[in-house]
Peer 1: 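Here it is, the structure, as structure tokens.
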Amino acid sequence: MATNAEIAACFEELAVLSEILGANVFKVNAFRRAARAVEGLAQEAASVPVAALKEIDGLGASTAAKIHEFGASGTMSELEELRAQVPAGLKEVLAIQGIGPKTARAMWQELGVVDLATLKVAIDAGKVATLPRMGEKSIAKMKEAIAFAESARGRIRLGEAMPLADALVAELGALSGVQRIAYAGSLRRGRDTIGDLDILAAASDPAELMRAFCERGEVARVLGHGETKSSVLTKSGVQVDLRVVPLDRFGAALMYFTGSKDHNIRMRERAIAQGLRLNEYGLFREGAHGEVPDGAVPIAAATEEEVYAALGLDWIPPTAREDRGELDQFARGARESRVAGASAVRMLALADIRAELHCHTRASDGSMTIDEIVAEAERRGFHTIAITDHSKSQFQANGLDETRLRAHIEAIHAARERFPKMQIWAGSEVDILSDGSLDYADDVLAALDWVVASPHAALKQEPRLATDRLMKAITHPLVHVIGHPTGRIVNGRPGLEPVMSELYAAAKEHGTALELNSHHMRLDLRDVHVRAAADAGCMIAINCDVHAINDFDELRYGVLTAERGLLPVAQCLNALDAKALDAWRRKKRP
DNA sequence: GCCGTTTTCGGCCCGACTGTTTTCAGTCG
């Protein structure tokens with residue numbers, strides 16, 4: 001089975017290796033774009049016909065052929081050729097901050113550096129200092145960067161980055177002279193992991209803000225410190241970039257620093273096609289020689305909306321800025337025809353969520369009582385809560401056997417008297433065992449109001465087995481939702497890799513919802529899955545998998561992921577009103 | 001390698017910062 005992740009990794013490696021070999025930078029970029037195009041694909045790329053692949057932005061004849069070659073043989077011949085030429089360890093050398101393709105290539109070909117170990121030896125022997133433009137400071141920086149790389153933590157999870165960014169924005173925003181401040185980058189786009197934090201500010205005294213930023217107690221090292229741009233490394237190992245721009249250019253800058261890089265490139269190309277130039281200071285009219293004259297006044301710059309509008313676009317939500325066709329989708333005319341036609345669709349927003357359908361009490365591995373959970377759901381304006389403690393196979397999570405479960409159902413139903421306004425369901429998060437059977441017999445499941453079926457063990461199963469396993473649960477007449485369908489942990493484990501298209505079709509046919517688990521460790525389904533499932537007509541349940549009171553706050557990550565998946569509000573179970581949700585539930589209880 | 005409202009070749013986004021330079025190459029985002 002050739003997964004999109006594997007194919008994307010091949011294109012990324014092709015980019016890195018050809019970069020070291022000194023290939024045309026545009027060819028290198030083309031490989032990188034192909035990697036991202038495959039990553040963002042909802043279907044399995046290897047099963048898409050060549051002609052259809054070539055229609056996808058960023059893929060062409062050559063990359064489409066490579067995708068099929070990988071599907072058939074498990075590798076790409078051009079990649080194998082490059083691997084034979086370039087020492088494998090050079091990839092980790094190129095990954096060091098400050099070392100680019102030119103430097104890596106020179107160190108390899110002239111000094112015999114083949115990996116981090118030989119690089120360190122070459123530095124200590126004074127050989128690196130013999131290369132052109134390689135002075136004392138460069139060497140010192142390189143040493144620091146190597147030390148950091150050896151202890152680095154890589155990309156951090158959305159749910160770790162967001163609280164850091166919120167705190168930083170609040171702290172810097174409180175300084176006098178700060179007129180506006182916001183986080184940008186992949187965090188604002190809601191990606192499941194974040195490489196570094198990008199903070200954008202407008203301030204009456206930029207130098208003073210820069211100084212305050214670099215001297216914070218949290219800062220371990222200052223990577224760069226300029227008049228408008230500084231980068232620091234925090235003690236927790238996170239890189240934070242701060243950029244300061246004039247207030248009247250804030251929108252253009254926010255757009256630029258939100259990215260994605262590919263989205264920005266599309267926007268600049270669009271500007272050029274209209275005789276305009278776009279940069280982080282605004283949208284400008286070109287001078288006589290295609291240049292922007294010094295001191296030119298921008299056509300648009302203060303807000304993102306006006307920049308998009310000046311280029312004939314509606315404001316594009318950050319979550320959609322991934323170069324996946326959004327410029328066509330948000331073109332002015334396109335939207336009018338969308339709205340005019342019957343196909344006008346409203347996308348999901350945080351305030352639409354009115355139910356939590358997956359949570360755990362002290363009966364299994366949660367920390368709250370039934371009443372505490374229901375009270376919190378009510379406080380948050382929800383109309384429905386489903387209590388779904390673990391089933392008996394989850395020993396480590398204190399899963400309930402049949403006897404305890406029957407008592408628990410009674411206790412949950414008894415809570416209805418104390419919370420008359422809430423719709424309270426007695427449910428279970430039933431294990432989908434490795435063969436696809438469920439952890440309780442049908443008569444037990446039938447006694448429950450609500451059944452979430454989830455895979456917890458055997459998460460390294462072969463794709464075919466995993467598909468069959470999940471299909472059994474999806475087609476089971478008593479199952480309402482498949483919980484965290486792949487079982488992946490962000491930055492932890494990949495989880496199952498079933499043939500998703502089969503799952504979507506079955507889920508639609510059998511009226512079973514698929515969960516988007518909001519917990520930042522899971523975010524499962526992930527964004528591209530949500531998009532494909534929504535296109536296939538599935539219902540999606542966005543749940544927090546609540547174990548403790550603060551877990552309700554994870555919802556923002558689930559909703560960001562749903563936005564990235566372009567989930568229409570009508571296809572989100574948790575956005576139905578209480579009556580409609582109950583009617584949907586009863587379809588599984590004949 | 002991709003792409004086309006100057007189309008099948010000749011382009012390909014743009015600016016800040018750093019260090020080693022006396023005007024800029026390399027790297028990054």
Peer 1: Can you tell me how far P in B:dC13 sits from the matching atom in B:dT5, rounded to whole Å?
Peer 2: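 Taking atom P in both B:dC13 and B:dT5, they lie 16 Å apart.
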Peer 1: Among residues 7-24 of chain A, which contact DNA chain B at a heavy-atom distance under 4.0 Å?
Peer 2: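 A:Asn24 - these, ordered by number, are the residues of the stretch whose heavy atoms sit under 4.0 Å from the strand.
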Peer 1: Starting at atom NZ of A:Lys54, determine the distance to atom P of B:dG4, rounded to an integer number of angstrom.
Peer 2: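 The distance from NZ of A:Lys54 to P of B:dG4 comes to 13 Å, rounded to the nearest Å.
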Peer 1: Tell me what A:Gly195 touches on the nucleic acid: a base, only sugar-phosphate, or nothing, going by heavy atoms under 4.0 Å.
Peer 2: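 Result for A:Gly195 = nothing.
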Peer 1: Using a strict threshold of under 4.0 Å (side-chain N to carboxylate O), is an ion pair present between A:Arg36 and A:Glu39?
Peer 2: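 No, no charged N to carboxylate O under 4.0 Å.
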Peer 1: Name all pairs fulfilling the salt bridge (Lys or Arg N to Asp or Glu O under 4.0 Å) condition that reach into residues 10-22 of chain A, sequence neighbours left out, sorted by first residue then second.
Peer 2: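 Every salt bridge (Lys or Arg N to Asp or Glu O under 4.0 Å) pair that includes a residue of residues 10-22 of chain A, provided the two are not neighbours, is A:Glu12-A:Arg32, A:Glu13-A:Arg83, A:Glu13-A:Lys91, A:Glu19-A:Arg32.
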Peer 1: If the C1' atom of B:dT23 is compared with that of B:dC17, how far apart are they to the nearest Å?
Peer 2: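 Looking at atom C1' only, B:dT23 and B:dC17 are 16 Å apart.
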Peer 1: Under a 4.0 Å N-O cut-off, is there an ion pair linking A:Glu69 with A:Lys66?
Peer 2: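 So A:Glu69 does not pair with A:Lys66 through a salt bridge.
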Peer 1: Would you mind reading off the distance between A:Leu276 atom CG and B:dC13 atom C1', rounded to a whole angstrom?
Peer 2: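 To the nearest whole Å, that distance equals 14 Å.
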Peer 1: What donor-acceptor contacts under 3.5 angstrom involve side-chain atoms of residues 106-116 of chain A, with partners at least two apart or in another chain?
Peer 2:
residue: A:Asp115; atom: OD1; partner: A:Ala117; partner atom: N; Å: 3.3
residue: A:Asp115; atom: OD1; partner: A:Thr118; partner atom: N; Å: 2.9
residue: A:Asp115; atom: OD1; partner: A:Thr118; partner atom: OG1; Å: 2.8

Peer 1: Hey, does A:Glu78 reach any base, or is it just sugar-phosphate, or nothing, if we go heavy atoms under 4.0 Å?
Peer 2: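 Here A:Glu78 touches the backbone only, sparing every base.
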Peer 1: Sequence neighbours left out, what passes side-chain contact (heavy atoms from CB on, under 4.5 Å) with A:Met521? Give chain and number order.
Peer 2: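 With neighbours one apart ignored, the set is A:Arg157, A:Ile489, A:His519.
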Peer 1: Distance check: side-chain N/O of A:Thr228 vs OP1/OP2 of B:dC17, anything under 4.0 Å?
Peer 2: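 Answer yes for this pair, as a side-chain N or O of A:Thr228 is under 4.0 Å from OP1 or OP2.
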Peer 1: Taking the inter-plane angle between the rings of A:Tyr557 and A:His520 on a 0 to 90° scale, is it parallel (under 30°), tilted (30 to 60°) or perpendicular (over 60°)?
Peer 2: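 A:Tyr557 vs A:His520 ring planes: perpendicular.
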Peer 1: Taking only residues two or more places apart in sequence or in another chain, which ones pass side-chain contact (heavy atoms from CB on, under 4.5 Å) with A:Met347?
Peer 2: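 Checked A:Met347 against side-chain contact (heavy atoms from CB on, under 4.5 Å); matches are A:Val345, A:Leu566.
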Peer 1: If you measure from the P atom in B:dG26 to the same atom in B:dT21, how many Å do you get, rounded?
Peer 2: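 13 Å, rounded to whole Å.
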Peer 1: Just how far, in rounded Å, is P of B:dC3 from CD of A:Glu269?
Peer 2: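 Distance, rounded to whole Å: 10 Å.
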Peer 1: I need the residues from residues 114-131 of chain A with at least one non-hydrogen atom less than 4.0 Å from DNA chain B; give them sorted by number, or say none.
Peer 2: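 Residues of residues 114-131 of chain A under 4.0 Å from DNA chain B: none.
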Peer 1: What is the distance, rounded to the nearest whole Å, between atom CG of A:Asp57 and atom P of B:dC3?
Peer 2: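 Distance check: A:Asp57 CG to B:dC3 P gives 6 Å.
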Peer 1: My understanding is that only residues two or more places apart in sequence, or in another chain, count here; which of them pass side-chain contact (heavy atoms from CB on, under 4.5 Å) with A:Arg526?
Peer 2: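 With sequence neighbours excluded, A:Arg526 shows a side-chain contact (heavy atoms from CB on, under 4.5 Å) to A:Arg488, A:Val528, A:His529, given in chain and number order.
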Peer 1: Looking only at heavy atoms, what is the nearest atom pair of A:Ala145 and A:Gln97, with distance?
Peer 2: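 Closest pair (atom of A:Ala145, atom of A:Gln97, distance): CB-O, 3.6 Å.
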Peer 1: Which pairs count as salt bridge (Lys or Arg N to Asp or Glu O under 4.0 Å) when at least one residue sits in residues 242-261 of chain A, sequence neighbours excluded?
Peer 2: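 Every pair satisfying salt bridge (Lys or Arg N to Asp or Glu O under 4.0 Å) with a residue in residues 242-261 of chain A: A:Arg243-A:Glu280.
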Peer 1: Atom CD of A:Gln274 to atom C1' of B:dT6: distance rounded to whole Å?
Peer 2: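 Atom CD in A:Gln274 sits about 15 Å away from atom C1' in B:dT6.
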Peer 1: Classify the glycosidic conformation of B:dT7 as syn or anti, calling it syn when the angle lies within 90° of 0.
Peer 2: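 Chi for B:dT7 falls in the syn range.
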Peer 1: With sequence neighbours left out, what residues match A:Arg191 under side chain to side chain donor-acceptor pair (under 3.5 Å)?
Peer 2: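 By the side chain to side chain donor-acceptor pair (under 3.5 Å) rule, A:Arg191 matches no residue at all.
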Peer 1: Among pairs that include at least one residue of residues 137-146 of chain A, which meet salt bridge (Lys or Arg N to Asp or Glu O under 4.0 Å), considering only residues two or more places apart or in two chains?
Peer 2: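 As it turns out, the salt bridge (Lys or Arg N to Asp or Glu O under 4.0 Å) pairs with a partner in residues 137-146 of chain A, which skip direct neighbours, are A:Glu144-A:Arg221.
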Peer 1: Let me know the distance between CG of A:Leu82 and P of B:dG1, rounded to the nearest Å.
Peer 2: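 Atom-to-atom, A:Leu82 to B:dG1, this comes out as 10 Å.
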Peer 1: Tell me the partner of B:dG19, counting only Watson-Crick (N1-N3 plus N6-O4 or O6-N4) or G-U wobble (N1-O2 and O6-N3) with both under 3.5 Å; none if nothing fits.
Peer 2: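 For B:dG19, the partner nucleotide comes out as B:dC24, under the 3.5 Å rule.
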Peer 1: Tell me the interatomic distance from A:Glu227, atom CD, to B:dT18, atom P, rounded to whole angstroms.
Peer 2: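 Interatomic distance, CD of A:Glu227 to P of B:dT18: 10 Å.
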Peer 1: Given that A:Ala273 and A:Ala64 both sit by DNA chain B, which one's nearest nucleotide is further toward the 5' end?
Peer 2: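 Its nearest nucleotide being more 5', the pick is A:Ala64.
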Peer 1: Among B:dC13, B:dC2, B:dA16, which nucleotide sits nearest the side chain of A:Tyr281?
Peer 2: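 Between B:dC13, B:dC2, B:dA16, the one nearest the side chain of A:Tyr281 would be B:dA16.
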Peer 1: Establish, with yes or no, whether the OP1 or OP2 oxygen of B:dG15 is under 4.0 angstrom from a side-chain nitrogen or oxygen of A:Asn279.
Peer 2: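 Checking B:dG15 against A:Asn279, a side-chain N or O does come within under 4.0 Å of OP1 or OP2.
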Peer 1: Heavy atoms only, 4.0 Å cut-off, all strands: where does A:Arg243 land among base, sugar-phosphate and nothing?
Peer 2: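 Since only primed, P, OP1 and OP2 atoms lie under 4.0 Å of A:Arg243, the category is sugar-phosphate.
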Peer 1: For the pair made of NZ in A:Lys141 and P in B:dC17, what is the distance, rounded to whole Å?
Peer 2: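 Going from NZ in A:Lys141 over to P in B:dC17 covers 12 Å.
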Peer 1: Among all residues two or more places apart in sequence or in another chain, which pass the side chain to side chain donor-acceptor pair (under 3.5 Å) test with A:Ser186?
Peer 2: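 Checked A:Ser186 against side chain to side chain donor-acceptor pair (under 3.5 Å); zero matches.
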Peer 1: Treat primed atoms plus P, OP1 and OP2 as sugar-phosphate and everything else as base, then score nucleotides 20-29 of chain B 5' to 3': B for base contact with protein heavy atoms under 4.0 Å, S for sugar-phosphate contact only, - for none.
Peer 2: B---BBSSSB
